[in-house]
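To start, the structure under review is shown below, and the notes come after it.
Just so it is clear, the structure is predicted and the values come from calculations on it, not from any experiment.
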Amino acid sequence: MEETGRAVVVGAGIAGLLAARALSDVFERVAVIDRDVLPAGTAGRRGVPQGPHAHALLARATAALEHLLPGLSGELVAGGAVRADLQHELRWYSGDHRLSTARPRLEGIGVSGVALERAVRARVCALPGVTITSACDVVGLTATPGRDLVTGVRLLPRADSAAETRLAADLVVDAGGRASRAPAWLEEMGYERVPEENVRIDLACVTRYYRREPHHLGGALGAIAGFHPATRRGGCVVAQEGDRFAVTVAGVLGERPPVDHAGLLAFAESLPGGEVAEVVRTAQPLGEPARMSWPGHTRRHYERLRRFPDGFLVLGDALCTFNPLHAQGVSVAAVEAQLLARLLASGTDRLARRFFRAAASLVHGPWSIGLGTDLRFPELGGRRTAATRLIAAYLGRYQAAAATDPVLGGALVRVFNLVTPPARLFAPDLVVRVLRHRAGTR
Ligand SMILES: Cc1cc2nc3c(=O)[nH]c(=O)nc-3n(C[C@H](O)[C@H](O)[C@H](O)COP(=O)(O)OP(=O)(O)OC[C@H]3O[C@@H](n4cnc5c(N)ncnc54)[C@H](O)[C@@H]3O)c2cc1C
């Protein structure tokens, strides 16, 4: 592969770091810029408020990260993260039912967002030509007048009395997260507004860490209970590095989890299964609870813009965000970075068009499965087409059947892990099993 010029990445979150890894195959220099001071230790940071909340690497994330950064899983595990079979060592609840699971093994990792970012940053930082600059805001793009071409970024270092500077680039990748300014930057340059889909779920979550001991949950990695339409509550407990569990409890559409121990325990006891409650009730709390609110899913359809400049891409949460309890964000960021690496291998010609088109179909699966699940809430805004209504109704029946049928449960867990496309759930053999279950003839 021929090396060329400089790429700039906006944001040193997981998506930006993985994009830098892909860009380093082709670009001599890759400059990653973040507005935060990036902590060396275990502290969280302002720009990544989800860092201290429970994180699990789904099977797709685990495989894609290992492909991009060989040996990373082993390093995470050596640092105390917990490798587990997500079919059998993570318990999945949907509605009131625990999904029955099946073979084959699905490998995943319990690791906090903070530890994951630190490990990925250390690996990406060590790549030839990659630099990471912290405490520096990207405040806009530079472009060639009269041509659809981005030529770099405008930077404002966060030091007192620092002046705006410019950094030229052959390619700029925005990985600025859900608050990405890319739509505004493009509008300022005269492009039309990027079409956006928003589904407001008004999520509020509270996370607390607990000491993990071998007897807890029979040694399992943890449990995930998706939002229950009747209670508007969900939550998870996931083993993380440092012999800890992260417990995250969450409410949507006005339901707010409390932060005091008694309130947190009562909330945890209202979740199906009892795993979250067991940990809150019996394990030693470590530190104070952290809160976060999250307005809802956002998907930005850059692929639908009629005009788009060369030399600019958007990925990660800046392109599409997913319900945190579905734990899909890192998987999608990693497969987008793999996509970028593949496309760059055949050059930068029409890169934006090729990337956004392929990324749209990549994002579509996790987006539609998340929506199909969340649109069970009648109060939820968002477009309900005949197709999304049908998907939501079918998934409700499917999940009830999957409580006792490991073929259905296993297939659903594979879809949640993004290793099988959601279309698999509509394959004739599974539809027949769902219908038979309803007729009580399984
Ligand atoms: C509560 C919660 C729990 C989650 N749990 C999971 C999980 O278990 N598994 C999973 O796979 N995913 C999970 N996710 C999602 C996952 O954390 C993200 O999808 C993933 O980290 C990718 O984020 P990102 O890098 O795109 O954006 P971010 O993490 O938001 O990073 C964006 C970065 O860009 C920087 N930035 C933004 N604008 C600028 C600018 N103009 N100039 C300079 N810097 C800028 C910010 O400082 C930040 O560092 C969870 C999310 C939440 C909210």
Side-chain angles (χ1 to χ4, degrees), residues 44 49-56 82 89-99 110 112-114 200-240 242-296 322-327 370 373-374 376-380 396 399-400 403 416:
Q50 74 270 28
H53 298 272
H55 270 66
V82 185
E89 294 169 75
L90 186 64
R91 301 174 192 162
W92 302 79
Y93 291 89
S94 182
D96 296 314
H97 309 290
R98 175 171 168 192
L99 298 181
S112 68
V114 172
R200 250 198 113 76
I201 60 170
D202 185 21
L203 181 148
C205 67
V206 168
T207 293
R208 192 164 200 189
Y209 280 81
Y210 294 86
R211 171 76 52 224
R212 180 182 185 227
E213 292 174 43
H215 63 87
H216 285 127
L217 311 184
L221 178 73
I224 297 188
F227 288 105
H228 196 299
T231 62
R232 303 174 183 175
R233 294 178 173 190
C236 65
V237 52
V238 186
Q240 315 267 271
D243 295 321
R244 297 175 304 160
F245 278 119
V247 163
T248 295
V249 291
V252 288
L253 300 163
E255 182 65 27
R256 296 270 172 277
V259 284
D260 63 290
H261 171 74
L264 201 70
L265 179 58
F267 194 100
E269 281 170 342
S270 72
L271 301 177
E275 287 86 351
V276 180
E278 177 191 327
V279 170
V280 176
R281 192 184 312 109
T282 64
Q284 179 199 345
L286 303 169
E288 292 305 311
R291 276 179 193 277
M292 183 180 170
S293 54
W294 191 84
F322 305 93
N323 184 328
L325 269 190
H326 294 167
T373 313
D374 291 344
R376 292 173 304 155
F377 294 99
E379 310 88 325
L380 262 189
Q399 286 164 357
F416 285 157

Determine the minimum heavy-atom distance between [X] and [Y], stating which atoms define it.
{"X": "A223", "Y": "Y93", "result": "CB-CE1, 4.2 Å"}
{"X": "P285", "Y": "Y210", "result": "CA-CD2, 3.6 Å"}
{"X": "H55", "Y": "Q240", "result": "O-NE2, 2.7 Å"}
{"X": "A204", "Y": "R256", "result": "CB-NH1, 3.3 Å"}
{"X": "L264", "Y": "P258", "result": "CD1-O, 3.2 Å"}
{"X": "C205", "Y": "T248", "result": "CB-CG2, 3.9 Å"}

*asked:* Measuring from atom NE2 of H53 to atom CZ of R208, what distance do you get when rounded to the nearest 0.5 angstrom?
replied: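 Here the rounded value is 14.0 Å.
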_Spacing of CZ belonging to R91 relative to CG belonging to L99, to within rounding of 0.5 Å_ =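 CG of L99 is found 13.0 Å from CZ of R91.
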_Suppose we screen for ring-ring contact (aromatic ring centres under 6.0 Å, His included). Which residues come up paired with F416, at least two apart in sequence or across chains?_
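Applying ring-ring contact (aromatic ring centres under 6.0 Å, His included) to F416 gives W92.
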*Any chance you could lay out the side chain to side chain contact (heavy atoms under 4.5 Å, CB included) test for M292 and Q50, step after step, and finish with the verdict?*
CA-CA 7 Å; M292 183 180 170; Q50 74 270 28; 4.1 Å; yes
*Please step through side chain to side chain contact (heavy atoms under 4.5 Å, CB included) for the pair F227 and N323, ending with a clear verdict.*
CA-CA 10 Å; F227 288 105; N323 184 328; 3.7 Å; yes
*Heavy-atom distance under 4.5 Å between the side chains of V82 and E89, does that happen here?*
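No, side chains not in contact.
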*asked:* Would you say that T231 contacts E255 through its side chain, given a criterion of any heavy-atom pair below 4.5 Å between the two side chains?
replied: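 No; the side chains remain at least 4.5 Å from each other.
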*asked:* side chain to side chain contact (heavy atoms under 4.5 Å, CB included) for R233 and L271? Distances and angles first, verdict last.
replied: CA-CA 7 Å; R233 294 178 173 190; L271 301 177; 4.0 Å; yes
_Any residue meeting side-chain contact (heavy atoms from CB on, under 4.5 Å) with A56, in chain and number order, not counting sequence neighbours_ =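 Counting only residues at least two positions away or on another chain, A56 forms a side-chain contact (heavy atoms from CB on, under 4.5 Å) with V238.
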Donor-acceptor under 3.5 Å ([X] side chain, [Y] main chain):
{"X": "H216", "Y": "E213", "value": "yes"}
{"X": "R244", "Y": "S112", "value": "no"}
{"X": "R212", "Y": "A239", "value": "no"}

*Residues F245, L217; criterion side chain to side chain contact (heavy atoms under 4.5 Å, CB included); working and verdict*: CA-CA 11 Å; F245 278 119; L217 311 184; 3.9 Å; yes
_E278: which of V280, V276, T282 passes side-chain contact (heavy atoms from CB on, under 4.5 Å)_ =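 Passing option: T282.
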